[in-house]
Amino acid sequence: MTSFHSLLRHRDGHHAKVTYEELFFDLVYVFAVTQLSHELLHDLSLTGLVHTLVLWFAVWLGWQYTAWLTNWFYPEKPGIRGLLFALMLAALVMAAAIPEAFGTRALVFALAYVAVQFGKTAYIVVRLGNHAMAPNYRRMLAWLSVSAVLWIAGALVAQARLPLWIAAVLCEYVSPMIGFRFPGLGRSDPGREWTVEGGHMAERCQLFVIVALGETLLATGAMMAEVRDWSPPVLSALLTTFVGTLAMWWLYFGTSSKDATRTITHSDEPGRIAAYFHYVHAILLGGIIGTAVGNDLVVAHPHGGVKIAHAVTLTAGPAVYLLGSAIYKKVVFGHVPLSHIAGAAALLALLPLGQLGDLLTLGWLTTLVMLGVCAWETRALIRRRARIFKR
């Protein structure tokens with residue numbers, strides 16, 4: 001076996017750049033995230049939430065596995081570039097099918113998703129041949145074969161669709177945690193076989209956060225464009241949603257993103273840390289999507305009464321984001337920031353109070369909590385940098 005392969009990135013100790021092919025690929029996922037937030041907005045029920053969660057994990061896993069692929073394989077090679085473009089087409093069909101994924105287009109969604117996950121992995125297995133990375137990809141393909149059966153079976157059997165698709169998501173989300181251990185194929189060693197380039201992996205996660213935050217602003221702008229009367233309450237709603245989104249941006253990029261790159265790069269097991277990043281970002285980004293739905297509600301009906309579903313959406317979205325961010329910073333800094341836990345608790349405390357006012361009031365209250373967390377974290381960042389400077 002040999003470590004050289006013509007499609008692999010050349011590791012020279014420098015930060016592997018994110019290519020234009022990867023950025024182009026991410027554009028499809030802007031559309032996918034928009035579809036998810038719209039679907040949840042139109043069905044603010046427990047069933048709608050569960051369906052959106054299943055579809056979100058499918059979207060995230062499809063992107064995540066591709067991000068690992070482009071960390072190992074060079075996207076500017078014709079064989080990988082062509083693969084990425086084919087995956088874009090399949091992902092576009094998958095995203096377009098999201099509104100009816102649990103309805104008339106279930107099979108379209110499932111087949112498109114299987115083409116993304118199983119298709120690209122099978123292609124890489126064939127291209128790797130007897131390369132040292134082949135066993136890891138064969139184990140991955142085995143798990144994706146199981147999940148593919150579950151996705152397609154769920155699409156064909158409406159009564160069992162939800163449990164089958166949940167099982168499929170678990171196959172793909174949990175299997176990396178056990179090194180893709182599969183009967184007869186053994187187990188991958190993250191420390192030896194998952195030799196990722198840390199800076200590239202951190203940047204790919206950061207770019208997806210930009211995609212999600214950007215979609216939040218796009219959704220707010222689109223909702224604003226549909227409102228005919230730009231009254232002071234509507235403009236106030238726009239301000240609170242924008243400031244809230246800016247707070248989420250600061251908590252991620254202003255206080256920890258550079259440290260995240262350093263953590264993966266200097267880790268003894270960069271593959272394991274990179275896997276943790278992907279697990280955590282599924283939660284963090286889910287919170288951004290939930291927040292985007294809350295923003296749409298505030299802009300569309302600033303003086304509307306707050307129903308239970310509305311209150312849950314406006315408070316739980318930012319709370320999930322803070323909890324995901326807390327776990328993320330535990331991976332980066334080795335401790336959970338108290339500010340995030342306190343902020344999530346404050347947001348959940350607003351839940352029973354939210355129904356006493358209107359959507360605009362609750363929107364501002366959640367934004368003020370997020371700004372409070374930002375101020376707390378900024379002070380912590382200043383103290384942390386002062387300690388480093390003294391050294």
Side-chain angles (χ1 to χ4, degrees), residues 17-41 51-102 105-124 144 147-148 151 155 165 168-169 172-173 200-201 203-222 277-278 281-282 284-286 288-289 292-293:
K17 69 173 184 177
V18 175
T19 64
Y20 294 122
E21 287 84 354
E22 291 171 279
L23 295 174
F24 192 38
F25 175 81
D26 287 354
L27 292 178
V28 173
Y29 284 85
V30 177
F31 176 51
V33 170
T34 300
Q35 290 282 78
L36 290 168
S37 62
H38 284 180
E39 282 310 296
L40 183 57
L41 178 63
H51 286 181
T52 301
L53 282 174
V54 171
L55 297 176
W56 158 238
F57 272 97
V59 168
W60 172 249
L61 288 164
W63 181 89
Q64 172 192 331
Y65 277 57
T66 306
W68 280 77
L69 183 147
T70 56
N71 188 274
W72 284 321
F73 297 88
Y74 196 38
E76 292 186 350
K77 294 285 187 177
I80 301 301
R81 180 189 290 132
L83 173 63
L84 282 178
F85 291 163
L87 294 176
M88 284 181 67
L89 177 59
L92 184 62
V93 173
M94 176 194 73
I98 282 176
E100 287 296 327
F102 278 89
R105 290 180 179 159
L107 187 58
V108 173
F109 176 87
L111 290 175
Y113 180 76
V114 167
V116 170
Q117 290 291 74
F118 180 87
K120 70 167 172 276
T121 309
Y123 173 82
I124 293 297
L144 292 174
S147 67
W151 282 111
W165 281 8
V169 164
E172 299 181 31
Y173 190 72
H200 175 271
M201 191 62 75
E203 187 177 356
R204 294 298 287 128
C205 290
Q206 291 158 9
L207 287 171
F208 202 106
V209 173
I210 286 290
V211 165
L213 290 174
E215 192 283 328
T216 300
L217 293 178
L218 288 173
T220 299
F277 270 46
H278 280 291
H281 275 78
L284 190 149
L285 288 157
I288 295 178
I289 294 172
V293 175

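Reckoned from all heavy atoms, side chains included, excluding hydrogens, waters and symmetry mates.
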For Tyr65, side chain to side chain donor-acceptor pair (under 3.5 Å) partners two or more places apart: none

Trace of the side-chain contact (heavy atoms from CB on, under 4.5 Å) decision for Glu39 with Leu55: CA-CA 10 Å; Glu39 282 310 296; Leu55 297 176; 5.8 Å; no

Test of ring centre spacing under 6.0 Å for Tyr113 and Trp165: no

Heavy-atom check, side chain of Val169 versus side chain of Trp151, under 4.5 Å: yes

Parallel, tilted or perpendicular: ring planes of Phe102 versus His51, cut at 30 and 60 degrees: parallel

Test item: Val116 and Lys120 side chains (from C-beta on) under 4.5 Å apart, heavy atoms: yes

Validation row: Val33, Phe208 side chains within 4.5 angstrom (heavy atoms): yes

Side chain to side chain donor-acceptor pair (under 3.5 Å) partners of Glu215, counting only residues at least two apart: Thr34, Ser37

Contacts of type side chain to side chain donor-acceptor pair (under 3.5 Å), residue Arg81, not counting sequence neighbours: Glu21

Non-hydrogen side-chain atoms of Leu83 and Phe73 separated by less than 4.5 Å: no

Pairing residues for Tyr20 by the side-chain contact (heavy atoms from CB on, under 4.5 Å) criterion, not counting sequence neighbours: Leu23

Note, Leu69 side chain near Thr121 side chain (heavy atom, < 4.5 Å): no

Note, Leu27 side chain near Phe24 side chain (heavy atom, < 4.5 Å): yes

Pairs satisfying salt bridge (charged side-chain N to carboxylate O under 4.0 Å, His left out), at least one member in residues 22-37, at least two apart: Arg9-Glu22, Glu22-Arg204, Asp26-Arg204

Results of side chain to side chain donor-acceptor pair (under 3.5 Å) for Trp60 - residues two or more places apart only: Gln64

Minimum side-chain heavy-atom gap Glu76-Lys17 below 4.5 Å: yes

Whether Trp56 side chain and Ala282 backbone form a donor-acceptor pair below 3.5 Å: yes

